[in-house]
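Before any comments, here is the structure.
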Amino acid sequence: MRLPLLAAALLSATTASAAPSYGPELEGFDYPYPVKRHAFASQGQDLSMAYMEVVPERPNGRTVVLLHGKNFCAATWGDTAAVLARDGYRVLALDQVGFCKSTKPLGYQFSFNQLATNTHDLLAALGIGRAAIVGHSMGGMLAARYALMFPDSVEQLVMVDPLGLEDWQAKGVPYQTIDAAYAAERKTSAAGIKAYQLKFYYNGEWKPAYDRWVEMQAGLYAGPGAERVAWNQAQTSDMVFTQPVVHEFDRLRVPTVLMVGTKDRTAPGGNRAAPEVAQTLGRYDLLGPEAAARIKGARLVMFEGLGHSPQVEAPDQFYAALLRELAAK
């Protein structure tokens, strides 16, 4: 699709036939804490990053920054933020540009370096010089890039079932153009989101509590900003596929914790791979130990029997492990 035609399509409204329907910045979906905004200019555009800040009653002097995954939002961290704040941590849960309640830009060049820079600038604006950076899924890749770019700003790096523990392209997964990814994104439905998460995130076992997170994501695709949402998602899928960070794990020089569920089988693009390749991908039970061994001094936490989202699937188990590892810094 040529850019002028794309721009016209992205700026037009859509008719949503499925409920729920949320606005392009997730208007209509309630977050557990008040949403603040960080306004800034990037790549010739005026943008804003949405975030939640939870201030503890009895501060312990430390700050934790929570970075969401590609199919998640800051809201997914709500309960985690409450637990951390009760333990004395100041908590920020961010929505990256292109996601959730943040700006959906047109013509933006997405990269982990850019998102890390945006995040660093937000923290600087809030007067936060150092923090523990906790990233889940795609947010784990971003957290690793952040730690590589700004090591002096990172007290501790915690990656929770991060994407990119393997280089899918190097393993034989074919490339998908952004145009093809956009066409696929436009077909996204609540049923498709649930089926994907059921298979790859939760090992075939669904709980009613997961429905809220399906609706959160599906509502963006069903709302008036659906084209722009789909385009940004296609762009960020390309970012995830083409910008692996696993090859740089041996350069990490900050205290690092890697948490993985042994049943996690997430492998973006695996559906494009030959069957004999696809069956080897996303083996977090194997990838976790391999990745941890490449990071100097890394601590590995294996959640036996859990999938891609331990903070959603088994929150009490996850909270206990996270608090323990943060305290062990």
Side-chain angles (χ1 to χ4, degrees), residues 22 24-26 29-38 47-54 63-84 91-105 110-112 114-120 122-123 131-147 157-164 193 196-197 200-201 209-210 212-221 229 232-233 235-237 239-240 243 245 259-261 264 266 268 307-313 315 318-319 322:
Y22 300 129
E25 294 184 4
L26 206 50
F29 184 90
D30 292 333
Y31 273 30
Y33 295 97
V35 175
K36 301 180 180 181
R37 292 193 172 274
H38 169 65
L47 308 174
S48 76
M49 285 179 67
Y51 66 97
M52 299 183 296
E53 180 176 10
V54 186
T63 298
V64 176
V65 178
L66 302 172
L67 305 179
H68 64 79
K70 188 173 184 297
N71 295 329
F72 303 84
C73 295
T76 319
W77 286 118
D79 290 343
T80 303
V83 169
L84 289 170
V91 185
L92 286 97
L94 317 180
D95 279 340
Q96 296 298 322
V97 167
F99 293 88
C100 308
K101 288 188 178 292
S102 290
T103 304
K104 309 296 183 300
F110 282 92
S111 70
F112 284 114
Q114 179 69 72
L115 298 187
T117 299
N118 296 348
T119 299
H120 189 259
L122 185 157
L123 298 184
I133 308 297
V134 179
H136 168 240
S137 192
M138 180 200 75
M141 292 183 79
L142 174 57
R145 177 57 61 198
Y146 187 97
L157 167 65
V158 181
M159 295 182 286
V160 182
D161 286 271
L163 297 183
I193 293 169
Y196 177 85
Q197 294 189 3
F200 293 104
Y201 291 4
Y210 306 160
R212 170 171 164 80
W213 309 123
V214 172
E215 292 176 358
M216 176 183 69
Q217 185 183 1
L220 281 167
Y221 287 95
V229 168
N232 282 175
Q233 287 296 303
Q235 290 175 294
T236 51
S237 290
M239 173 185 73
V240 167
Q243 299 176 29
V245 72
M259 298 180 167
V260 298
D264 191 353
T266 308
H308 188 63
S309 304
Q311 75 276 30
V312 176
E313 188 178 9
F318 172 75
Y319 302 151
L322 179 60

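Heavy-atom basis, side chains included; hydrogens, waters and symmetry copies ignored.
Residues V54 and L84 have side chains not in contact (no heavy-atom distance under 4.5 Å, counting atoms from C-beta outward). Side-chain contact between F318 and T80: present, with at least one pair of heavy atoms (C-beta onward) separated by less than 4.5 Å. By the 4.5 Å heavy-atom criterion applied to side chains, S137 and T266 are not counted as neighbours. No side-chain heavy atom of M138 sits under 4.5 Å from any side-chain heavy atom of N71. The closest side-chain heavy-atom distance from C73 to M216 is below 4.5 Å. Annotation: side chain of F29 is not in contact with side chain of L220 (no heavy-atom distance under 4.5 Å). Contact check for V134 versus W77: side-chain heavy atoms found under the 4.5 Å cut-off. Within the 4.5 Å cutoff, the side chain of M52 has no heavy atoms near those of the V91 side chain.
Partners of Y22 according to the side chain to side chain donor-acceptor pair (under 3.5 Å) rule, which considers only residues two or more places apart in sequence or in another chain, do not exist here. With sequence neighbours left out, the side chain to side chain donor-acceptor pair (under 3.5 Å) criterion links Y319 to no other residue. Every salt bridge (charged side-chain N to carboxylate O under 4.0 Å, His left out) that E53 has, sequence neighbours left out, goes to K36, R90. Partners of Q197 under the side chain to side chain donor-acceptor pair (under 3.5 Å) rule, at least two apart in sequence or in another chain, do not exist in this structure.
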Show every donor-acceptor pair shorter than 3.5 Å between a side-chain atom in residues 139-147 and any protein atom, with sequence neighbours excluded, or say none if there are none.
residue: R145; atom: NH1; partner: E248; partner atom: OE1; Å: 3.2
residue: R145; atom: NH1; partner: E248; partner atom: OE2; Å: 3.4
residue: R145; atom: NH2; partner: E248; partner atom: OE2; Å: 2.6

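A distance-only check finds a donor-acceptor pair linking the side chain of D95 to the backbone of K101 [under 3.5 Å]. At distances below 3.5 Å, not a single donor-acceptor pair connects side-chain atoms of H38 with backbone N or O atoms of L123. Q217 places no side-chain N or O within donor-acceptor distance of the main-chain N or O of I193, the cut-off being under 3.5 Å.
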* Check the pair V245 / F112 against side-chain contact (heavy atoms from CB on, under 4.5 Å), numbers first and verdict last. => CA-CA 9 Å; V245 72; F112 284 114; over 6 Å; no

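Separation of atoms CE (M49) and CZ (R37) is listed at 11.0 Å; rounding is to 0.5 Å. For the atom pair CG (L94) and CG (L66), the distance works out to 8.0 Å, reported to the nearest 0.5 Å. Separating the OG1 atom in T76 from the OH atom in Y31 is a distance of 7.0 Å, to the nearest 0.5 Å.
In plain terms, the two heavy atoms of Q96 and L67 that are nearest each other are NE2-CD2, 3.8 Å. Nearest heavy atom pair, residue S309 against residue Y201, reads OG-CD2, 4.1 Å. Taking each heavy atom of A93 and A74 in turn, the nearest pair found is O-CB, 3.6 Å. Listed here is the closest heavy atom pair of T103 and S48: OG1-N, 2.9 Å. Minimum interatomic distance between S102 and A50 (heavy atoms only, all atoms of both residues): OG-N, 2.8 Å. In terms of heavy-atom proximity, F110 sits nearest to G98 at CZ-CA, 4.0 Å.
The residue from T236, N118, T119, N232 that alone fulfils the side-chain contact (heavy atoms from CB on, under 4.5 Å) condition with V97 is N118.
For the salt bridge (Lys or Arg N to Asp or Glu O under 4.0 Å) condition, the pairs that include at least one residue of residues 66-84, sequence neighbours left out, are K70-E185.
H308 and F72 have tilted rings, their planes meeting at an angle from 30° to 60° on a 0 to 90° scale. Y196 and F200 have tilted rings, their planes meeting at an angle from 30° to 60° on a 0 to 90° scale.
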